[in-house]
Protein chains: 2
Amino acid sequence: MALAEAILVCLTEKPMSGYDLAKNFDASVGFFWRASHQQIYRELGKLRERGFVKSQEISQQGKPNRIVHTITDEGRAILRQWSIKRPRMPANKDELLLKFYAFEDIDIRAMIEHLSHRIEQHETRLARYKKIKSRYYDGKTLDLMKKGKLIALEMGLDNETSQIRMLTRALNDMRSLDAAKDD
Amino acid sequence: MALAEAILVCLTEKPMSGYDLAKNFDASVGFFWRASHQQIYRELGKLRERGFVKSQEISQQGKPNRIVHTITDEGRAILRQWSIKRPRMPANKDELLLKFYAFEDIDIRAMIEHLSHRIEQHETRLARYKKIKSRYYDGKTLDLMKKGKLIALEMGLDNETSQIRMLTRALNDMRSLDAAKDD
DNA sequence: GTTTGCTATGCAATTTTGTGCATATGCGCA
DNA sequence: TGCGCATATGCACAAAATTGCATAGCAAAC
């Protein structure tokens, strides 16, 4: 399970609360790791127990108190260990692709809908990536940490672009099939 | 949960045993849906209970008996319902990308290893896809069912190609960084 | 003034997925 | 004669993810 590591990786940047992490998962790391806030809070509990993070409650006015988590040296150590282990191939499960396989039993119009929606989603992500890239990386001198993130970011950008291209082609195929049906 | 649907989708092609399905998952559907044989047998039990498949034991000589599962009309009906529902965005969890994010705390040599291995894996898949395409689809007349599968297959091909391109670029970046370190 | 939404945390139950183990036959190989 | 491999099925436990629920203060909109 790598949720623990995903959290620790986020915390290498700066100490964060569970709430921050949940938002961060949506924004940056979220493109290659997803988790709900419930999962994150639960995992933070375990990490604290094992001594990989230390937690400190911070009083706030006008808002509920937050609990800020900092990665410990032990946390960094297991991160190093983990990085050497070969990562498993991503599961790559996609219901949409599956639907194409049952083509006789599905609704073409619905598929067109699905594809359009998927493309929109990827375009939103692509825009967000580009924004992050231009804001934090373009024309800046990069330390080692930022270089790694830039590589990941570029892979993300590249991936979104490919997805959009693939999905658009499939969408066009669907539209021709749908038009041909009316004859 | 879409494992049930993944199985039903496979069974639309022809009746199969759990063993067949497990192999089929490795070969074709497996590129966008993965499952172990244990998972498949368990799910088949549930599908039988709900009446979405009917199962028949077939005696064999020299080999253990096999239980062949056929999709029922009810099974096809829920497949149709399912196809209309919007598919969720794939989880897209990748430990490798995560490691780039913790770049200060990781081993560059290990990353080079990981990337090389990943590229090899994708190349194996790509070769398999190409073989399937040339064998079953090139220069053939395609019915609706096969058209859907071809679209899925081409998306798979495209995806593997993009992955290889992305990973190769990252690998080159890593190698330059590693070389620069020796100075 | 009441509803909606954001900040902030977390438990509990269920569903889904993954891993290890178990069993049985027959074939080919050394 | 023993070993590994392919065929064939499945249980049981453990880990992970999803979903629903619960609490609570403040701000802004209506």
Side-chain angles (χ1 to χ4, degrees), chain A residues 1-7 15-27 29-30 32-50 53 55-69 82 85 87-95 98, chain B residues 1-8 15-27 29-30 32-50 53 55-69 82 85-95 98:
Chain A
M1 179 235 19
L3 174 58
E5 284 84 0
I7 291 174
M16 282 189 251
S17 70
Y19 191 81
D20 293 335
L21 282 162
K23 275 199 301 180
N24 211 49
F25 265 68
D26 271 352
V29 206
F32 43 88
W33 208 274
R34 225 143 256 266
S36 64
H37 75 271
Q38 292 93 332
Q39 265 175 285
I40 290 167
Y41 283 116
R42 196 198 299 142
E43 202 62 42
L44 278 169
K46 288 185 202 166
L47 287 169
R48 189 170 37 214
E49 261 179 48
R50 291 176 201 169
V53 304
S55 313
Q56 196 190 355
E57 192 163 354
I58 293 183
S59 300
Q60 293 192 125
Q61 294 124 325
K63 291 176 197 170
N65 292 349
R66 47 211 306 276
I67 298 168
V68 173
H69 309 272
W82 163 77
K85 279 200 302 179
R88 57 168 59 186
M89 290 291 276
N92 224 7
K93 293 183 177 181
D94 193 343
E95 274 190 70
L98 209 51
Chain B
M1 175 236 17
L3 175 58
E5 283 84 1
I7 290 174
L8 290 176
M16 282 190 251
S17 69
Y19 191 81
D20 294 334
L21 281 162
K23 274 199 303 182
N24 211 47
F25 264 69
D26 271 352
V29 206
F32 43 87
W33 209 274
R34 224 144 257 265
S36 65
H37 76 270
Q38 292 94 329
Q39 265 175 284
I40 289 167
Y41 284 116
R42 195 199 298 150
E43 202 62 40
L44 278 169
K46 287 184 201 167
L47 288 169
R48 189 169 40 214
E49 261 179 47
R50 291 176 201 172
V53 304
S55 312
Q56 198 190 354
E57 191 162 355
I58 292 183
S59 300
Q60 293 191 125
Q61 294 125 325
K63 291 174 197 170
N65 292 349
R66 49 210 306 275
I67 298 169
V68 173
H69 308 272
W82 163 76
K85 280 200 302 180
R86 177 175 291 170
R88 58 169 60 184
M89 291 291 277
N92 223 6
K93 293 183 177 182
D94 193 342
E95 274 189 71
L98 209 52

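Bear in mind that the values here come from a model prediction, so they are computed numbers and not experimental data. Excluded from the calculations below are hydrogen atoms, water molecules and symmetry mates; all remaining heavy atoms, backbone and side chain alike, are included. Here is how names work: the chains are called A, B, and so on, in the same order as the sequence lines, proteins then strands, and each is numbered from 1.
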Span of DNA chain C in contact with chain B (heavy atoms, under 4.0 Å): C/dT16 to C/dG26
Under the side-chain hydrogen bond (donor to acceptor under 3.5 Å, both in side chains) rule, collect the residues that match up with B/Asn92, sequence neighbours excluded. none
In terms of the nearest nucleotide of DNA chain D, which residue is placed more toward the 5' end: A/Lys46 or B/His69? B/His69
Set of residues satisfying salt bridge (charged side-chain N to carboxylate O under 4.0 Å, His left out) with respect to A/Arg34, sequence neighbours excluded: none
Could you summarise the pairing of DNA chain D as dot-bracket text, marking Watson-Crick and G-U pairs under 3.5 Å with ( ) or [ ] inside the strand and | across strands? ||||||||||||||||||||||||||||||
Between B/Ser17 and B/Arg88, which has a closest nucleotide on DNA chain D that is more 5'? B/Ser17
Is there a donor in the side chain of A/Trp82 and an acceptor in the side chain of B/Glu95, or the other way round, less than 3.5 Å apart? yes
With nearest nucleotide decided by heavy atoms, which residue, B/Glu43 or B/Lys63, maps closer to the 5′ end of DNA chain C? B/Glu43
Separation of B/Ile7 CD1 from B/Phe25 CZ (nearest 0.5 Å): 5.0 Å
Can you check whether B/Asp94 reaches B/Leu98 side chain to side chain, under 4.5 Å on heavy atoms? no
Verify the neighbour count for atom CD of A/Gln56: are there more than 12 heavy atoms of other residues, nucleotides or ligands below 6.0 Å? no
Sorted by number, the residues of residues 35-42 of chain B with heavy-atom contact under 4.0 Å to DNA chain C: B/Ser36, B/Gln38, B/Gln39, B/Arg42
Between atom NE2 of B/His69 and atom CG of B/Leu8, what is the distance when rounded to the nearest 0.5 Å? 11.5 Å
Is there side-chain contact between B/Val68 and B/Arg66, with at least one heavy-atom pair below 4.5 Å? yes
Return the set of residues passing salt bridge (charged side-chain N to carboxylate O under 4.0 Å, His left out) with B/Arg50 (not counting sequence neighbours), or none when no residue passes. none
Can you tell me the distance, in whole Å, between the CG atom of B/Asp26 and the C1' atom of D/dA6? 14 Å
When rounded to the nearest 0.5 angstrom, what is the spacing between CD in B/Glu57 and CG in B/Asn65? 5.0 Å
